[in-house]
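Structure record follows, encoded as structure tokens.
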Amino acid sequence: GERARGRADGRNPALRTAVDVACGALVSAAMAGGLAVVAAAALCIVAVGKVHVHMPGEKGFCTQLSNLLPHSGALIPAFSSDVYDYTLNIANIAEVSVMLTLYLDPAKYNRFKLPSITIDGEPFVYNWVLENNYVFRFGCSSPESILHIHVEDPKGRNAWFGGASPWHDYHVRIIKPLPDYCTETPKLMEVSTPDGHVLNSTPPMDYSHLRRRHRYVFVLRNSSEVTYKIRCPDYAAAVSIDGKRVLSSTSRGRREVTGSVHMYMARQSKLVQCVHNYSMEDAIAYDPSTP
């Protein structure tokens, strides 16, 4: 199905739509099995064309989004492919994230030859079949955040020898009021055996997404106890383990804690968070027994 779509790229919009319908039917039929697969494959392969589209490395290869749709709020100004700076206001203080859907113009690409997209430095894989959603999670340190979307010719920035730029950058300034209570992931979390051997986690620790919930697994082989060190950003009000604020005896006070866990079961889980309480921060007593 994807091969037929690739050969049919560059056709007129009506034919391209027919190809998408036929190949989409092939995907559904493949799930059902039987003769439906053969019929759908035949429809998909019949739709073939010859109109040229620019390929990566060619001058004129499109490195622009055709649309960017937030699921909350509205972009200011309204999206246009050749406008690169936007503001997005989120009025609901209770929202912890906002979803944005990215669009490329299917009339401008061979389906196998798409631009490279990164969002805040992370690769974003565009898919013609599925909705291309990106979830941006709000932090606790500032009411304003900048989302950076980079669209580039996969042949690289030196692919073209003149003319338009082989990449474009979109910036979305996201504004949302800070909540009275907010949690983030720690900026450092270290788990060790009592003799000081640091345990590696599966997957490796990822500190790049402050509002994303991660699950890490540590395998303890020759001990029934582990020690931990947790460090939060400097603007954090406290460290929370399983919903309870904990107090540290270290010089960093409420922003870094150490402790130990006795493994009384084959499997144990702990929820670790950095707590930010803006309205009551100075009045809170950081007592381990305070929920």
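Placement of V191 and L188 in two distinct hydrophobic clusters is found when ILVMFWY residues are connected by side-chain heavy-atom separations under 4.5 Å, directly or transitively. Linking ILVMFWY residues whenever their side-chain heavy atoms come closer than 4.5 Å, directly or via other members, leaves L68 and I175 in distinct clusters. By the criterion of side-chain heavy atoms lying less than 4.5 angstrom apart, applied directly or through intervening Ile, Leu, Val, Met, Phe, Trp or Tyr residues, V83 is grouped together with I117 in one hydrophobic cluster. L220 and V198 end up in different hydrophobic clusters when Ile, Leu, Val, Met, Phe, Trp and Tyr side chains are linked at under 4.5 Å. Follow the hydrophobic side-chain contacts under 4.5 Å out from F218 and you reach V272 in the same cluster.
The closest side-chain heavy-atom distance from F124 to I149 is not below 4.5 Å. For the pair Y86 and P77, the minimum side-chain heavy-atom distance is below 4.5 Å. With a 4.5 Å cut-off on side-chain heavy atoms, P115 and F61 count as touching. Within the 4.5 Å cutoff, no side-chain heavy atoms of N132 are placed close to those of L104. Side chains of L100 and I119 form no contact here, defined as non-hydrogen atoms less than 4.5 Å apart. No side-chain heavy atom of Y170 sits under 4.5 Å from any side-chain heavy atom of L147. Using a 4.5 Å heavy-atom cutoff, the side chains of R111 and P106 are in contact. Residues L88 and I90 have side chains in contact (heavy-atom distance under 4.5 Å, counting atoms from C-beta outward).
Note that CD1 of I146 is 8.5 Å distant from CG of D85, once rounded to the nearest 0.5 Å. A distance of 6.0 Å separates CG of L271 from CG of D242, quoted to the nearest 0.5 Å. If you take CG on D153 and CE on M55, they are separated by 10.5 Å, rounding to the nearest 0.5 Å. T193 contributes atom OG1, which lies 10.0 Å from atom CD of E225 (distance to the nearest 0.5 angstrom). Distance check, rounded to the nearest 0.5 Å: CG of L69 to CE of M99 gives 11.0 Å. One finds the OG atom of S97 at 6.5 Å from the CZ atom of F138 (value rounded to the nearest 0.5 Å).
In this structure, Y126 and L102 approach most closely via the heavy-atom pair CE1-O, 3.5 Å. When all heavy atoms of I93 and P177 are compared, the pair lying nearest together is CG1-O, 3.6 Å. Of all non-hydrogen atoms in E95 and S72, the two that sit nearest each other are OE1-OG, 3.3 Å. Between Y84 and D169 the shortest heavy-atom distance is CB-O, 3.2 Å. Closest approach of S269 and R215 over heavy atoms only: OG-NH1, 4.3 Å. Smallest separation of non-hydrogen atoms from L114 and N110: CD2-O, 3.8 Å.
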Checking side chain to side chain contact (heavy atoms under 4.5 Å, CB included) for the pair H54/K108: CA distance, chi angles, key distance, verdict? CA-CA 7 Å; H54 291 290; K108 295 181 178 179; over 6 Å; no
Would Y228 and I241 count as a side chain to side chain contact (heavy atoms under 4.5 Å, CB included) here? Give the steps.
CA-CA 11 Å; Y228 59 81; I241 299 179; 3.6 Å; yes
_side chain to side chain contact (heavy atoms under 4.5 Å, CB included) between N133 and H71, intermediate numbers included_ = CA-CA 10 Å; N133 296 325; H71 290 224; 3.9 Å; yes
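Formation of a donor-acceptor pair under 3.5 Å by the S81 side chain with backbone atoms of L65 is found in this model.
Side-chain contact check for H168 and T63: at least one donor-acceptor pair (N or O, by modelled atom type) lies under 3.5 Å.
Y216 pairs by the ring pair (Phe, Tyr, Trp, His ring centres under 6.0 Å) definition with H214, not counting sequence neighbours.
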